[in-house]
Q: 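A single structure is presented below for examination.
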Amino acid sequence: MKTGCDRRLDQSFRNAPVLAVGPYSRIVLISDCHRGVGNANDNFLKNQHLYFAALHHYYTRGFTYIELGDGDELWENRRLCSIREIHENVFELLSLFEREGRLYQIYGNHDHILQYSTDMPHCAGIILKACGFDKFARCVELYLTHGHQADVLNSSLWRLSRFLVRYLWKPLEQIGVLDPTSAAKNYKHRNRSEKRLSRWAIKHHRYLITGHTHRPALGNRQTRYFNTGSCVHPRCITCIEIEQGTVSLVKWSTETRADNTLFVARTLLADPLFLRDL
C-alpha cells in the first residue's frame, strides 16, 4: 500500500528530465543554500564566501551544477529580485552555468513558488542515467529531488508552512526559538523524514539523492539514500560530486596554513563510491 510520501515522490519523477552521465561527466549537487536578503535571518550570509569559492571551482573545471531545492529563501522573503540584488555575484556566476547549458534547478519547499516561474523554471525531480561503468554495460539511475515530499506539512501544505514561517517563526528565530516543523532543526522530524526517503528508495530499488534535512549522507546498496547536506552549516558547506565514475561527499571550509593565512579547503568526508559498484 502506497503512503502519502510514496505518492508524492512518484509524482516528482513522473515526466522528470533524464540526464546522461558518462565516464567524463562532471556534476556537482548542492542544496539548501537558503539565500536571503542580507538581514539577520539570512542564514546563507555566514558561508557566502565558501559557496562562491566552491561555485567558481566547479565552473572553471567544467562541472554541471544541479541545485536540489531551497536555493532561495522565499518563505521568509517575498521577492526573488531582492535576493538577487544582495547576492549579485552568485547569480552572475549561475547565469554563466546557464548560458553554457550546465545549470539545472529543482524546487524545494522554501522555493516551491519557483515551480511557476517563467523566467527561471524549476522542476520537481531529475533522473541521472549513468551507463558504461562496468563490463556488463549496466545503467545506474540516480533520482534527484529536494526531499520535502517526506512530510505533508512541507509538501502538500507548503503554503500553510510558509505562512507560519513568515509571520511566526521568522520573528521568533531572531530571539533563538527554532521552528519545530523543520526537518533540519527538529531531530525527531529529521530522522522520520530520512527513514521515509530511504524506505521509498529501497522499496522501488532506486538510488535517491536529496537535501532538505541538511544532514549529509553517502548512501550504499543497502540504504540507497544520499543527502547533499546544506550550505548553512555553522562552519562549512557540503555537497556531492559525480566525477570519473565516482560519487563523493565533499566539505568546503575555511582552514589555516602554518603561517596563519586562511584558505578555502575542499575535503572528502568519506571514501568515494564507484558507480560500477551500485
Side-chain angles (χ1 to χ4, degrees), residues 4-5 8-9 11-12 30-48 51 66-88 90-91 94 105-125 144-190 192-194 196-197 210-215 227-234 237:
C5 175
R8 290 187 290 269
L9 285 169
Q11 179 63 35
S12 297
I30 290 180
S31 75
D32 295 275
C33 300
H34 292 277
R35 293 179 289 263
V37 294
N39 58 14
N41 291 92
D42 188 348
N43 295 318
F44 177 70
L45 274 182
K46 62 180 177 290
N47 289 332
Q48 61 177 324
Y51 175 84
I66 302 179
E67 196 164 80
L68 301 190
D70 285 5
D72 300 302
E73 181 48 71
L74 291 170
W75 276 10
E76 295 182 358
N77 309 294
R78 293 176 177 274
R79 302 173 59 194
L80 180 60
C81 61
S82 300
I83 297 174
R84 285 181 167 180
E85 288 174 6
I86 294 297
H87 301 293
E88 182 180 8
V90 168
F91 283 95
L94 288 176
Q105 290 175 296
I106 292 170
Y107 63 81
N109 47 318
H110 283 253
D111 55 5
H112 195 291
I113 195 69
L114 294 178
Q115 176 188 11
Y116 311 106
S117 172
T118 55
D119 63 328
M120 195 178 181
H122 288 51
C123 58
L144 317 180
T145 192
H146 180 60
H148 62 296
Q149 299 91 334
D151 68 275
V152 67
L153 194 60
N154 281 304
S155 52
S156 303
L157 301 179
W158 68 272
R159 287 182 175 86
L160 172 61
S161 295
R162 181 180 64 181
F163 176 85
L164 293 173
V165 166
R166 185 173 290 175
Y167 298 108
L168 178 61
W169 299 117
K170 178 182 177 180
L172 287 176
E173 183 183 19
Q174 294 178 329
I175 59 173
V177 179
L178 299 181
D179 177 1
T181 68
S182 169
K185 299 172 183 176
N186 184 300
Y187 183 77
K188 290 182 179 179
H189 192 179
R190 180 171 58 189
R192 185 165 55 246
S193 294
E194 290 173 345
R196 288 172 179 170
L197 295 168
T210 74
H212 186 55
T213 69
H214 295 196
R215 179 158 56 184
N227 195 300
T228 57
S230 80
C231 295
V232 295
H233 298 295
I237 69 173

Q: Going from CZ on F44 to CD1 on I83, what distance comes out if it is rounded to the nearest 0.5 angstrom?
A: 10.5 Å
Q: Hey, are the side chains of R162 and I113 touching, using non-hydrogen atoms and a 4.5 Å cut-off?
A: yes
Q: Heavy atoms only: give me the nearest C231-I30 pair and the separation to one decimal.
A: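 Looks like SG-CG2, 3.5 Å.
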Q: Return yes if some donor-acceptor pair links the side-chain N/O of D72 with the main-chain N/O of L74 below 3.5 Å, else return no.
A: no
Q: For the side chain of S12 and the backbone of A124, is there at least one donor-acceptor N/O pair under 3.5 Å apart?
A: no
Q: About how many Å separate CZ of R215 and OG of S230, when rounded to the nearest 0.5 Å?
A: 12.5 Å
Q: Have N47 and H233 got a donor and an acceptor in their side chains that come within less than 3.5 Å?
A: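 There is no such pair (donor and acceptor under 3.5 Å, judged by atom type) between the side chains of N47 and H233.
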Q: Are H87 and D42 linked by a side-chain donor-acceptor pair shorter than 3.5 Å?
A: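 Their side chains do contain a donor-acceptor pair, which is all the 3.5 Å distance test asks for.
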Q: Checking side-chain polar atoms at under 3.5 Å, does S193 have a donor or acceptor matched by the opposite partner on T213?
A: no
Q: Tell me, with the steps shown, if V90 and R84 meet side-chain contact (heavy atoms from CB on, under 4.5 Å).
A: CA-CA 8 Å; V90 168; R84 285 181 167 180; over 6 Å; no
Q: Looking at G36 and N77, what are the two nearest heavy atoms and their distance?
A: CA-ND2, 3.9 Å
Q: Looking at S155, is its backbone amide N or carbonyl O close enough to the side chain of N109 to form a donor-acceptor pair, meaning the two atoms are under 3.5 Å apart?
A: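 A pair under 3.5 Å: no.
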Q: Are the side chain of Q11 and the backbone N or O of L9 linked by a donor-acceptor pair below 3.5 Å?
A: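 Here the side-chain-to-backbone pair does not exist.
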Q: Rounded to the nearest 0.5 Å, what separation is found between the OH atom of Y51 and the CD atom of Q48?
A: 11.5 Å
Q: What's the shortest heavy-atom distance between W158 and W75, and which atoms?
A: O-CZ2, 3.7 Å
Q: Nearest 0.5 Å, please: how far is CG in D32 from CD1 in I237?
A: 12.0 Å
Q: Mark yes or no for whether S31, through its side chain, and G69, through its backbone, hold a donor-acceptor pair below 3.5 Å.
A: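 Not at all, since once roles are kept as given, no pair shorter than 3.5 Å links the two residues.
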Q: May I ask you to check whether Y107 and H112 place their ring centers less than 6.0 Å from one another?
A: yes
Q: Begin with the C-alpha distance, continue with both residues' side-chain angles, and end with the deciding distance and a verdict on side-chain contact (heavy atoms from CB on, under 4.5 Å) for L114 and Q105.
A: CA-CA 10 Å; L114 294 178; Q105 290 175 296; over 6 Å; no
Q: Output the distance between atom CG (D151) and atom NE2 (H212), rounded to the nearest 0.5 Å.
A: 5.0 Å
Q: Any idea which heavy atoms bring V37 and S82 closest together, and the distance?
A: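 Here V37 and S82 meet closest at CG1-CB, 3.9 Å.
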Q: If you compare all heavy atoms of G71 against all heavy atoms of C33, which two are closest, and at what distance to 0.1 Å?
A: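 Looks like O-CB, 3.5 Å.
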Q: Taking R196's backbone N and O only, do any of them form a donor-acceptor pair with E194's side chain (distance below 3.5 Å, no angle check)?
A: no
Q: Between H146 and L68 (side chain of the first, backbone of the second, donor and acceptor by atom type, cut-off under 3.5 Å), is there such a pair?
A: yes
Q: Could you go through N227 and L197, starting from their C-alpha distance and side-chain angles, then the distance that decides it, and tell me whether this counts as side-chain contact (heavy atoms from CB on, under 4.5 Å)?
A: CA-CA 10 Å; N227 195 300; L197 295 168; 5.7 Å; no
Q: Against R35, only a single residue in E73, E67, E76 fulfils salt bridge (Lys or Arg N to Asp or Glu O under 4.0 Å); can you say which?
A: E67
Q: What distance do N43 atom CG and H214 atom NE2 have between them, rounded to the nearest 0.5 Å?
A: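 Between atom CG of N43 and atom NE2 of H214 there are 8.5 Å.
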Q: Go through the steps to decide whether V152 and R8 satisfy the test side-chain contact (heavy atoms from CB on, under 4.5 Å), and finish with yes or no.
A: CA-CA 9 Å; V152 67; R8 290 187 290 269; 4.1 Å; yes
Q: Are the side chain of D111 and the backbone N or O of D70 linked by a donor-acceptor pair below 3.5 Å?
A: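 Yes, because the side chain of D111 sits within donor-acceptor range (under 3.5 Å) of the backbone of D70.
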